Amino acid sequence: MGYFEQALLAAVLIGAVSGLVGTLVVLRQRTFFAQALTHATFPGAVGAAILGVSIPLGAALASVIIVGVMTMIGRVKRQGNQVASGILLTAGFALGVLLQGLNPSLPVKVDSYLVGSILTVTERDVTLVAVVLVFAVLAIVFLGKQIMFSTFDVNGFRAAGYREWPIELLTLVLITATVVTAMPAVGAILAIALIAAPAAAARLVSRTTTQMFVIAPLLGALSGLAGVLFSRSFDVAAGPAIALTAAALFLLALLLRRLVRAGGGPGPADANRRSRTSLRLKS
């Protein structure tokens, strides 16, 4: 397989897993957390480059530390998850820039991990993305009902005897794994666009959450594929092209929703809201 075909495969897989996990991010209102995580993993990538170890491994270890610190800050009185995310977003990114400045002779161009360099992804990177995608699909298939129950009715979820922390931990693991695997392709800064935009677009055109879990990965894969082709045709960076394509699909979905509403019919989001209301009433 040539480097360009490998880049196309990586873009499709990363887009699919980003759209799938992004649906959880959007539904559980973890977008700002995911954004903070994408920026704060940058020092892990720089530290891995300095030590000469796997950069995705360094980013993953940094993610574990960041999630722990965010949890502790979020439990401080009169603070919260939004405050913790904001602090870690800027502090983590600044630490990465500082480490890079103190080590100007790094053997790896760490700058590429800010905006991505999908044409340089390796077979190991593609395999890692495929593993994360399979894990995410299995999690949604076998635990989807519990995840949605916890998402839409957390009090009812607890009253039914379920523990919330395993679902929350699973969500954090999926978000972290997606951020780490997307970093080589679209970069630490732009990964949030590929995670949030396809899911947000799917939410606008879907009538049920089940449809969201199908449409969002398709839109993510389309964003990755079209972005790489666009970057080759116009000789621009692939990471920004993928992110812009995802944003364009969201704007297109928003326009479609407005056109449907202007026509006098109920939009997909309205039907989705009614289905969630029905779920609460039944429970």
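What you see is a predicted model; the values in this text were computed from it and never measured.
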Ion pair Glu168/Arg163, N-O distance below 4.0 Å:
no

Would you say Leu24 and Phe213 make side-chain contact, with heavy atoms under 4.5 Å?
yes

Note: Val126 and Ala10 closest approach over all heavy atoms is CG2-CB, 4.0 Å

Heavy-atom donor-acceptor pair, Ser150 side chain to Gln146 backbone, under 3.5 Å
no

Test of understanding: clusters of I, L, V, M, F, W, Y form through side-chain heavy atoms closer than 4.5 Å, transitively. Do Val180 and Leu194 belong to the same one?
no

In terms of hydrophobic clustering (I, L, V, M, F, W, Y; side-chain heavy atoms under 4.5 Å; direct or indirect links), are Met183 and Val53 co-clustered?
no

Write down the atom of Ala182, the atom of Ala191, and the distance for their closest heavy-atom approach.
CB-CB, 4.3 Å

Which atoms form the tightest heavy-atom contact between Ala246 and Pro198, and what is the distance?
CB-CD, 4.3 Å

Identify the heavy atoms of Ala197 and Ala247 that sit nearest to each other, and give their distance.
CB-N, 4.2 Å

Any Ile14 side-chain heavy atom under 4.5 Å of Thr181 side chain:
no

May I ask you to decide if Asp125's main-chain N or O and Thr122's side chain share a donor-acceptor pair within less than 3.5 Å?
yes

What heavy-atom pair brings Ala241 and Gly227 nearest, and what distance separates the two atoms?
CB-O, 3.4 Å

To the nearest 0.5 Å, tell me how far Ile147 CD1 sits from Leu174 CG.
7.0 Å

What's the shortest heavy-atom distance between Gly239 and Leu190, and which atoms?
C-CD1, 3.5 Å

I'd like to know if the side chain of Thr41 reaches the main chain of Gly44, judged simply by a donor and an acceptor atom lying under 3.5 Å from each other, with no hydrogens or angles considered.
no

For the residue pair Leu229 and Leu8, establish whether any side-chain heavy-atom pair is separated by less than 4.5 Å.
yes

ILVMFWY cluster, Val121 and Val131 together (side-chain gap under 4.5 Å):
no

Ser223 vs Leu249 side-chain heavy atoms within contact, under 4.5 Å
yes

CZ/Arg30 to CG/Leu37 distance, rounded to the nearest 0.5 angstrom?
12.5 Å

Are side-chain heavy atoms of Val21 and Val17 found at a separation under 4.5 Å?
yes

Anything under 30° is parallel, anything over 60° is perpendicular, the rest tilted; go ahead and classify Tyr162 against Phe157.
parallel

Let me confirm one number: the CD1-CE distance from Ile167 to Met148, rounded to the nearest 0.5 Å.
9.5 Å

So, Arg232 side chain and Phe230 main chain: donor-acceptor pair closer than 3.5 Å or not?
no

Less than 4.5 Å apart, side chain to side chain, heavy atoms only: is that true for Leu204 and Phe250?
yes

Under 3.5 Å, is there a donor-acceptor pair between the side chain of Thr176 and the main chain of Val173?
no

For side-chain contact (heavy atoms from CB on, under 4.5 Å), just list the numbers for Phe42 and Leu95, CA-CA rounded to whole Å, side-chain angles, deciding distance to a tenth of an Å, and then say yes or no.
CA-CA 8 Å; Phe42 181 56; Leu95 177 60; over 6 Å; no

Trace of the side-chain contact (heavy atoms from CB on, under 4.5 Å) decision for Phe152 with Leu27
CA-CA 8 Å; Phe152 294 130; Leu27 291 176; 4.2 Å; yes

In this structure, would Leu252 and Leu254 fall into the same cluster of hydrophobic residues linked by side-chain contacts under 4.5 Å?
no

Once rounded to the nearest 0.5 Å, what's the spacing between atom CG of Leu170 and atom CD1 of Ile140?
7.5 Å

Could you tell me the separation between the CZ atom of Phe135 and the OG1 atom of Thr178, rounded to the nearest 0.5 Å?
10.0 Å

Measuring only between side-chain heavy atoms, which start at C-beta, is Leu219 closer than 4.5 Å to Ile215?
yes

What distance separates Leu133 CG from Leu128 CG, expressed to the nearest 0.5 Å?
11.5 Å

Check the pair Ile242 / Ile118 against side-chain contact (heavy atoms from CB on, under 4.5 Å), numbers first and verdict last.
CA-CA 10 Å; Ile242 293 173; Ile118 199 168; 4.1 Å; yes

Treating Ile, Leu, Val, Met, Phe, Trp and Tyr as nodes and any side-chain heavy-atom pair under 4.5 angstrom as an edge, say whether Leu169 and Leu20 lie in one connected cluster.
yes

Between Val214 and Gln211, is there a side-chain heavy-atom distance shorter than 4.5 Å?
no

For atom CD of Glu123, decide whether the heavy atoms of other residues, nucleotides or ligands shown that lie under 6.0 angstrom number more than 12.
no

Counting N and O atoms only, with roles assigned by atom type, does the side chain of Asn103 sit under 3.5 Å from a partner on the main chain of Gln100, one being a donor and the other an acceptor?
no

Exam field: side chain Ser231 to backbone Val228, donor-acceptor pair closer than 3.5 Å
yes

